[in-house]
Amino acid sequence: MTLRLSPPAAAPTAPARPVTVTVHGRAVTDPYAWLKAENWKDVLKDPAALPAEIRTLLAAENAYAEAALAGTTALRETLVAEMRGRIREDDGSVPDLDGPFAYYTRYREGGQHPLVCRRPAALVAPGLVGDLSGEGEEILIDGDREGEGHAFFSLEGAAHSDDHALVAWSADTKGSELYTIRIRDLATGQDREDRVAATTGDVVWSADGKAFWYVAVDENHRPATVMLHRLGTPQSDDATVYEESDAGFFVGIGETQSGAYLVVTANDHETSEVHLAERATPFAPLRVVAPREHKLIYSVEHRGDDVFVLTNADGAEDFKIAVAPVADPARANWRDLIPHRAGVMIRFQHVLARHLVRLELENARPRLIVRDAESGAEHTVAFAEEAYSLGLSPGHAFDTDLVRFTYSSMTTPAETYDYHAATRERTLRKRQDVPSGHDPAAYVTRRLFATAPDGEEVPVSLLHRRDTPLDGTAPLLLYGYGSYGSLMSAAFRTNPLSLVDRGFVYAIAHVRGGTEKGWRWYLDGKREKKPNTFSDFVACARALIAARYTGAGRIVAHGGSAGGMLMGAVANMAPELFAGIVADVPFVDVLNTMLDGDLPLTPPEWPEWGNPGADLQAFETILSYSPYDTITAQAYPAILALGGLTDPRVTYWEPAKWVARLRATMTGGGPVLLRTNMEAGHGGAAGRFDRLEEVALIYAFALAAAGAEA
């Protein structure tokens, strides 16, 4: 049966109530500004505060979208069953040794949320992970139990104290990313009276386990202040350790792999500053490593008398590693250990007692480099596939020769290895189980390059069944992001197999704005060069058509958040290429958002996009591509926009305004659908199976938009 979208004759209509502002002498009119509720801050904390008129419109949009997709109801049920069948329901992480215990997370059969657990280290056998819920297991945090009674529940994390007596855990019950931290006494299994609200959820314990650091979120939803909470005292008594006065900077915390230091970071998208404090002396003042300098980026690790600095200092565009004495880590004392090499980006450093491990990326292919601390000798860990994903898992241990990494490709399920840095022996600890079955030989993964208008070669990773005809008739889902330097890895993903097994080609466009080809790849896709991201994506689509992986009008484009902005831009630029567009929590109202410094994330975003209120060039650049402002009277492909009511990152009104303006302007095509999750935020549903319902909706839309067979 060929699938089709079947929208009702009349779509919901949002009345236009134009608001005009003048910026740099130019009048900018927003016909749907009213969809931004005046009490939007209250809505983030309590969805019930949404004004009735807006709630009525969003409900009508949800009903319209559901009616348009009514013919896919049975298909969505099938898709959920398929995707769930590829998940090992009692899956768990590889245990991470820390002294007398091994810590891990796992799920129970049918469970939506993770269980945080531990077992005595002596009872954890080496080799492949089997049944984790065996002898000696303690369930420290039961996510399913804690989530009972909540329409939304997200367990952010759990951190145990050094003496293994307490666990600090944090959760969000609104989807607004405001986490409350609680402390569980592991002797009793009960939470103590301590409650610390409105945080990022991150915790670093003091060495004595009597206090912890956390990051408080301000009234504009910005992580702004590092606080120290002493157990048994009210949150109102917490001490301010660091307060960031620059509204454009975010604050974060962590600890060095050695466990010796608290690390406080303050950064925007192009400048960073790091402060250190010894975890053994929690009330001592912080020490800055290097005061912030515009466009200086650095992060630090520690071993012995030295700090290791991963930085772009001195023109090291793709980063280098320097060392400095921990007693005086000022920039004047940085000396190069791993020099900069143009085109070879150092993405991450992992410092152990006897080894330095770095994750490098060259021409979109990752590798690990292991360096002996004493001799300086290095060797490489790499793989032979055309496109693959490689990641480090730091764990708790410092005095170890084991390095844990995870490898996968678009055809190869994830494999977790413990690698002995001295003997070079690899021990497979876990291979991702696909219960319903997966034959890698039935699929093909490729890496090809598309030529952008300016001559740049843009990588594309793709996956298809070996028996899919490559004659231009196959539908194709093309995913893209391209912002903040984020790398879209060619990792194994089980969900897209539901499309690929129905004849789709699945492709990832590694467009500029990411770091797949180094830091320059990011710089060439931000601010005044942001349009490169969009033209790269269109070039990838055209290259896939030219190579006969698909045909014009057979592509469904998919992107989320900043990738949703990409979706809006390419829908305006080249609508004829696409059968459908899926814009997930899309950042499409770029100009208005970047002009509004009162929004939660606007000041920190100016280094990424530019400040259009203060900079005429930034204003003109953003106005030239902002999807909401560049909608034209033309036919558009079918569009599915997804939003979250309590989303603090891309507020609900962005997709709502975009959809309203599209419908009022377009001359044909469509339909244009909007679905808002009224009980979630940026990440959508939090439960692992609830999330499959949303993925099934996207895939059903893609299949129907492409006119594929069910």
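Values reported hereafter were calculated over all heavy atoms of this structure, with side chains retained and with hydrogens, waters and symmetry mates removed.
- None of H269, K526, E605 except one satisfies the side chain to side chain donor-acceptor pair (under 3.5 Å) rule with Y484; the exception is E605.
- Under a cutoff of 6.0 Å and an axis angle of 45°, K530 and Y625 do not form a cation-pi pair.
- For the pair R106 (side chain) and D90 (backbone), a donor-acceptor distance under 3.5 Å is absent.
- Under the rule for a side chain to side chain donor-acceptor pair (under 3.5 Å), W658 has no partner lying at least two apart in sequence or in another chain.
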(request) Tell me, with the steps shown, if E82 and S436 meet side chain to side chain contact (heavy atoms under 4.5 Å, CB included). (result) CA-CA 8 Å; E82 283 180 9; S436 60; over 6 Å; no
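- Taking a cutoff of 4.0 Å between a charged side-chain nitrogen and a carboxylate oxygen, E694 and R691 qualify as a salt bridge.
- S624 pairs by the side chain to side chain donor-acceptor pair (under 3.5 Å) definition with nothing, not counting sequence neighbours.
- Taking the ring pair (Phe, Tyr, Trp, His ring centres under 6.0 Å) definition, one finds that F689 meets it with nothing, sequence neighbours left out.
- Checking T412 against E385 by side-chain atom types alone, a donor-acceptor pair falls below 3.5 Å.
- Side chain to side chain, T593 and E654 meet the donor-acceptor criterion of an N or O pair below 3.5 Å.
- Annotation: cation-pi geometry satisfied between R426 and F383 (NZ/CZ under 6.0 angstrom from ring centroid, within 45° of ring axis).
- Looking at R446 and E386, a side-chain N of the basic residue comes within less than 4.0 Å of a carboxylate O on the acidic one, giving a salt bridge.
- Judged by distance alone, the side chains of S561 and R649 never bring a donor and an acceptor atom under 3.5 Å apart.
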(request) Tell me, with the steps shown, if M666 and I639 meet side chain to side chain contact (heavy atoms under 4.5 Å, CB included). (result) CA-CA 12 Å; M666 60 194 286; I639 292 175; over 6 Å; no
